[in-house]
Amino acid sequence: MTLPDMLLPTYAQMLGALSAWLTKAQAQRPGTADALLPARLAPDMFPLATQIRFACRQAQEGVFRLQHRDFPASLEALLEEGRNGAEAPGTIADAQARIAETLVVIDVAAGEGIAIDPASRIEHALPIGMVLDVAAQDYARDWALPQFYFHVVTAYAILRAEGIDLGKADYAAHMLGHLRPPAA
C-alpha cells in the first residue's frame, strides 16, 4: 500500500462523512443549523466552523506537502478563514463548499497517480517556531492523519454535544458496504 492509497481515500471518506453530518444537522434544525457553527466543546477550543475548515486544510496540506508542492493561495485563505471562525463562522453552505473544494483537490491528486517516496524528507514549520523534519511515511502516520482526525472528531463531538442525532453508523458510514450479509 502506498501513502496516497492510504491517505486519499481516508480524507475523502471522512470529509464525505463530515458533509453528511452537516446535512443531517440541517435536516434536524431547519432554518437554524447555521447557529451550530459558533458552538465549541470548551471555551478555549475552536468552534465548529473552524474545525471544519481546519479538517479541510489538514487534508489539502497533507496532499500538497507530501507531493513537495507549494501551497496555493487558497490554502492560506482557508487557514485565515478558520482562524476567524469564531467571529465569522459563515453558513453550513459555506462549510459544505469548503468540503467540496477539498474533495476536488483529493480527486485531482488521486487522478494524477502521485508517487511518494516514503523515505523522502518533509519539512514542516509549526506556528510556534518549531520545525518538524520527518520522513514522508512518519509525517503521514504521525502528523497528517492524526491532525486531520482531530478536527473531524471534534466537529462530530460538537454536533453531538449540540444535540444532533449522530451515531457510529454516521461516523463510519463508509464501512457499511463491507457488512457481511446475515446468514440465511
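In what follows, residues are counted from 1 in the order of the sequence shown.
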- Over 60° means perpendicular and under 30° means parallel, so classify the ring planes of Trp21 and Tyr171, tilted if in between. parallel
*Ile52 and Leu22: side-chain contact (heavy atoms from CB on, under 4.5 Å), yes or no, with the steps?*
CA-CA 10 Å; Ile52 295 164; Leu22 296 175; 3.9 Å; yes
Which atom names give the shortest non-hydrogen contact between [X] and [Y], and what distance separates them?
X      : Y     : result
Pro38  : Pro89 : CG-CG, 4.1 Å
Ala140 : Met6  : CB-CE, 4.4 Å
Ala59  : Tyr11 : O-CE1, 3.5 Å
Phe150 : Met45 : CZ-CE, 4.2 Å
Leu37  : Thr91 : CD1-C, 3.3 Å
Pro47  : Gly85 : CG-C, 3.9 Å

Measure from the side-chain N and O atoms of [X] to the backbone N and O of [Y], and report whether any donor-acceptor pair falls under 3.5 Å.
X      : Y      : value
Asp107 : Val104 : no
Arg57  : Leu78  : no
Asp34  : Ile92  : yes
Gln67  : Val63  : yes
Arg53  : Leu79  : no
Ser19  : Leu15  : no
Gln51  : Phe46  : yes

- Task: Please indicate whether Glu123 has more than 12 foreign heavy atoms, meaning atoms of other residues, nucleotides or ligands, lying under 6.0 Å from its CD.
- Result: no
**Over 12 foreign heavy atoms within 6.0 Å of CG, Asp133** =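 Yes, the 6.0 Å shell around CG holds more than 12 heavy atoms from other groups.
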Look up atom [atom1] in [X] and atom [atom2] in [Y], then write down how far apart they are to the nearest 0.5 Å.
X      : Y      : atom1 : atom2 : result
Gln28  : Thr23  : CD    : OG1   : 11.0 Å
Asp117 : Leu66  : CG    : CG    : 11.0 Å
Tyr149 : Thr10  : OH    : OG1   : 5.0 Å
Leu145 : Leu7   : CG    : CG    : 5.0 Å
Leu176 : Lys168 : CG    : NZ    : 12.0 Å
Leu8   : Glu112 : CG    : CD    : 10.0 Å

Membership question, hydrophobic clusters at under 4.5 Å side-chain separation (ILVMFWY): are [Y] and [X] in the same one?
X      : Y      : answer
Val131 : Ile128 : no
Phe54  : Leu48  : no
Met14  : Met175 : no
Ile99  : Val108 : no
Ile122 : Met130 : yes

> Would you call Asp165-Lys24 a salt bridge at under 4.0 Å N-O?
Replying inline: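 No, Asp165 and Lys24 are not salt-bridged.
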- Query: Looking at Glu81 and Arg98, does any basic side-chain N land under 4.0 Å from a carboxylate oxygen?
  - Reply: yes
Notebook entry, point to check: How far apart are the C-alpha atoms of Val134 and Asp142, what are their side-chain angles, what is the distance that settles it, and do they pass the side-chain contact (heavy atoms from CB on, under 4.5 Å) test?
Noted result: CA-CA 10 Å; Val134 297; Asp142 301 333; over 6 Å; no
Q.
Within the 4.5 Å heavy-atom criterion, are Tyr156 and Leu166 side-chain neighbours or not?
A. yes
Review point. Would you say the side chain of Tyr139 lies within less than 4.5 Å of the side chain of Ile116, judging by non-hydrogen atoms?
Key: no
*Do Ser120 and His68 pass the side-chain contact (heavy atoms from CB on, under 4.5 Å) test, and can you show the C-alpha distance, the side-chain angles, and the key distance before you say yes or no?*
CA-CA 9 Å; Ser120 67; His68 299 281; 3.3 Å; yes
Any luck finding a side-chain donor-acceptor pair between Gln60 and Ser74 under 3.5 Å?
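On atom types as modelled, these side chains do not qualify, holding no pair under 3.5 Å.
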Next item on the list: Step by step, work out the side-chain contact (heavy atoms from CB on, under 4.5 Å) result for Glu61 and His124.
Entry: CA-CA 10 Å; Glu61 185 178 304; His124 179 40; 3.1 Å; yes
